[in-house]
Amino acid sequence: MKKKKMLLSTETMDVDFVRKVEALSGTSVRRCFQCGKCSAGCPMATFMEHPPNRVVRLLQLGQWQRILAGRSIWYCASCETCSTRCPNKVHLASIMDALRKLSWDAEGPSKESYVQLANRLFLQNIRTYGRQYEMRLAAVFNVKSGQFLKDLMLGPKLITKGKLKMFHQKNKNMTEIEKIFGRIEEMRRNGEAL
Amino acid sequence: MTSRNTLSYAYYPGCSLHASAGEYDLSTRELFRKLGIGLTEVPDWFCCGATPAHNVDELLSLSLCAKNMELAEKVGGDLAVACAACFSRLKTTQHVLSENDVKRKQVEKAIDAPVPMKGNVKHLLDILARDLGLDRLKQAVTKPLAGLKVACYYGCLLTRPTDVPNLDCVEAPTIMEDVLKAVGAETVAWSHRLECCGANFTLSRPGVVIQLSHAILDSAKEAGADCIMVACPLCHGNLDIRQEEIEGVYDTRYAMPVFYITQLVGLATGLGADKLGLDALIVNPMPLLKEKQLL
Ligand code: SF4
Ligand code: SF4
């Protein structure tokens, strides 16, 4: 990305976006005073272009496009270390969730397609089977991501150990799960939920 | 002593325990039977959504967990959970729904039922250490794990975030060590017991998992541990299933068995290898257990 100067002005801030993040995450973006403790403990900070404290700062400055365009939010492991250690009770892990949700809704300008693909397949599995079907999850992921040979040696080993099941026990109550997905979609269409 | 036979729970195994972590399920059922604690599987439970659901859709995540709690209500009693990730999700849901009216109403609409809030969500460790109690656990030991040096690995989700799981102190928990000492094992002091293993990046970004899990294995070895004990199928996958791969990448050798908590405690209560699913572990634990005369 070309380096752009960050402008500090009310025009560049996006209060609406911050409000949405705050509503989704149930935490205050404004409370952060940039001590950096979250980033110091974050196991994934080295993989991110904007470590956690900078994600909050960019939000405060209305520069959320920069966050969504990058890979930081998709490299968060949801380990909750940041939220645990923040002296101001900024629940940063929930902010990360909210940002991923907003990026996801916009079909993600994010570059991190592998993580998104894995998430999508995981949720699809729940909708189709009610439970996770690990074998199918791994197989479809490898095909869709074009990594046919990935973990080739792991497969047979796991099957012999009974760790990857060839057949899957579907949940018997599938109409129930479909209804939950359907109702949530409807609530979002009607503007009753974010 | 009147409560001796009254411990009984609704049991939520979760998806992993019915697939890649079958030995965790098996050893949990066997151990609880041995200890006389009742477990009734929640009928028709659904996936809790794990990390991928709350990663991008909190409402879906809350609704899936609430639905499971509604199903658990039919069994009654507190909800016993083995997987640290399921535990964290179910517990977080209970917390959020009791604090946030807006979200509770949305979830009630999504599952078309009032949110059930009666039973507590409890991790197996909590049941062993507090409901049963360390003294009674000690009484059940027939084969103390003497001389076995264990690195207790909490990972991310057993104790975090602060205000939610409430299992133990978030930065300096001891519950795993307490349980293991009660069954006669030694526990080592090590630096990485609360560090993240890379969790669900195992599918999308295995490189991340290899780097983080390598640091954990290294730390356990440096502390002189014979083995690692976990309470999470994802941690187990990353440390046990990927161990050989990690050894290859870093040109090193650990041969460090990674046990589930119920396997080690089960061993101390005299359960055999077949009842604990020890043959499902990828890093073979038999040489270590024979050397320590535990099998
Ligand atoms: S720990 Fe909290 S206050 Fe400190 S930088 Fe991170 S979010 Fe801000
Ligand atoms: S939850 Fe995400 S941002 Fe927070 S410490 Fe863990 S990996 Fe880093």
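In the text below, chain A, chain B and the rest are named by the order of the sequence lines, each starting its count at 1.
Separating the CZ atom in B:Arg205 from the CZ atom in A:Phe47 is a distance of 10.5 Å, to the nearest 0.5 Å. A distance of 8.5 Å separates CG of B:Leu64 from CG of A:Leu123, quoted to the nearest 0.5 Å. In this structure, B:Asp112 CG and A:Lys179 NZ are separated by 7.5 Å, a value rounded to the nearest 0.5 Å. Put simply, CZ on B:Arg160 and CZ on A:Arg85 are 6.0 Å apart, with the number rounded to the nearest 0.5 Å. The distance from atom CD1 of B:Ile111 to atom CD1 of A:Ile177, rounded to the nearest 0.5 Å, is 11.0 Å. Atom SG in B:Cys15 sits 7.0 Å away from atom CD1 in A:Ile126 (nearest 0.5 Å).
The two residues B:Leu157 and A:Glu80 come nearest to each other via the heavy atoms CD2-CG, 4.3 Å. Between B:Leu212 and A:Pro43, the shortest heavy-atom distance links the atoms CD2-O, 3.9 Å. The two residues B:Asp57 and A:Lys101 have their closest heavy-atom pair at CA-CD, 4.0 Å. Closest heavy-atom contact between B:Thr51 and A:Ser78: CG2-OG, 3.7 Å. The two residues B:Ser63 and A:Ile184 make their nearest non-hydrogen contact at OG-CD1, 3.7 Å.
Residue B:Lys109 touches chain A through both its backbone and its side chain, counting heavy-atom pairs closer than 4.5 Å. Residue contact with chain A, scored on non-hydrogen atoms closer than 4.5 Å, is absent for B:Glu99. For chain B, the nearby part of A:Arg183 is the side chain; its heavy atoms alone come within less than 4.5 Å. Only the side chain of B:Lys103 has a heavy atom closer than 4.5 Å to any heavy atom of chain A. Within the 4.5 angstrom heavy-atom criterion, only backbone atoms of A:Leu24 (N, CA, C, O) approach chain B. Contact of B:Val208 with chain A is made through backbone and side chain together, with heavy-atom distances under 4.5 Å. Within the 4.5 angstrom heavy-atom criterion, only side-chain atoms of B:Phe201, from C-beta onward, approach chain A. Residue A:Ala98 does not touch chain B at all, counting heavy-atom pairs closer than 4.5 Å. B:Asn55 touches chain A through backbone and side chain together, each having a heavy atom under 4.5 Å away.
For the pair A:Thr81/B:Glu195, no side-chain contact is recorded, criterion being any heavy-atom separation below 4.5 Å from C-beta on. Using a 4.5 Å heavy-atom threshold, the side chains of B:Cys47 and A:Phe122 count as touching.
Of the listed residues (B:Cys48, B:Ser61, B:Pro52, B:Pro43), the one with the most heavy-atom contacts under 4.5 Å to chain A is B:Pro52.
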Working for side-chain contact (heavy atoms from CB on, under 4.5 Å), residues A:Glu176 and B:Asp44: CA-CA 10 Å; A:Glu176 214 31 72; B:Asp44 264 332; over 6 Å; no

